[in-house]
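I have placed the structure first, in the form of structure tokens, so that the comments after it can refer back to it.
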Amino acid sequence: TFSYADTAAKLRGQGRLAEFLLNRWDKHGPGAATWTMWDLAAIQWLLEPAQVQSELVRTPPENTPREVRVATSIDAAAMRASFWKAFAAISR
């Protein structure tokens, strides 16, 4: 979860990508004080698997029977730090 105040403070004046991201929040979550970045969590899981604990589970009976891996715990602080580090590197 990202806070709007912190995110806006870090993004304002940081270029077109930053303005795009902030504008997207404003359009899709107007007035939202926080936003859970599920898509970022999924990508971070691929990039930094150590930030996620997961386990294999069976699919529900109405689905094709198989085992799938699900995240059971996410190091959200580490993911936010990784995001801001990467963002700083590309926004220079």
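Under the ring pair (Phe, Tyr, Trp, His ring centres under 6.0 Å) rule, Phe2 has a single partner from Phe83, Trp35, Trp38, Phe87, which is Phe83.
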side-chain contact (heavy atoms from CB on, under 4.5 Å) between Arg12 and Leu22, worked out: CA-CA 8 Å; Arg12 282 206 175 90; Leu22 191 54; 3.8 Å; yes
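By the 4.5 Å side-chain criterion applied to Ile, Leu, Val, Met, Phe, Trp and Tyr, Leu47 is assigned to a cluster that also includes Ile43. Members clustered with Trp45: Val52, Ile74, Met79, by chain and number, using a 4.5 Å side-chain heavy-atom cutoff among hydrophobic residues.
Scanning for side chain to side chain donor-acceptor pair (under 3.5 Å) contacts around Gln44 gives Gln51, with sequence neighbours left out. Legend: residues meeting side chain to side chain contact (heavy atoms under 4.5 Å, CB included) with Val68, ordered by chain and number and at least two apart, are Val57, Thr59, Arg66, Val70. Not a single side chain to side chain donor-acceptor pair (under 3.5 Å) links Asn23 to another residue, sequence neighbours left out. Annotation: side chain to side chain contact (heavy atoms under 4.5 Å, CB included) contacts of Ala42 (sequence neighbours excluded): none. Shown here are the ring-ring contact (aromatic ring centres under 6.0 Å, His included) partners of Phe20, two or more places apart in sequence or in another chain: there are none. Remark: Arg16 pairs with no residue by the side chain to side chain contact (heavy atoms under 4.5 Å, CB included) rule, at least two apart or across chains. Residues meeting the side chain to side chain donor-acceptor pair (under 3.5 Å) test with Asp75, sequence neighbours left out: none. Every residue two or more places apart in sequence or in another chain that forms a side chain to side chain contact (heavy atoms under 4.5 Å, CB included) with Glu62 is listed here: Pro60. Residues meeting the side chain to side chain donor-acceptor pair (under 3.5 Å) test with Thr1, sequence neighbours left out: Thr36.
The nearest pair of heavy atoms linking Glu19 to Gly13 is OE2-N, 3.3 Å. Considering all non-hydrogen atoms of both residues, Pro65 and Arg58 come closest at CB-NH2, 3.5 Å.
Counting heavy atoms from C-beta outward, Trp25 and Thr7 have side chains that approach closer than 4.5 Å.
Annotation: the span from Ile90 atom CD1 to Lys85 atom NZ amounts to 14.0 Å, rounded to 0.5 Å.
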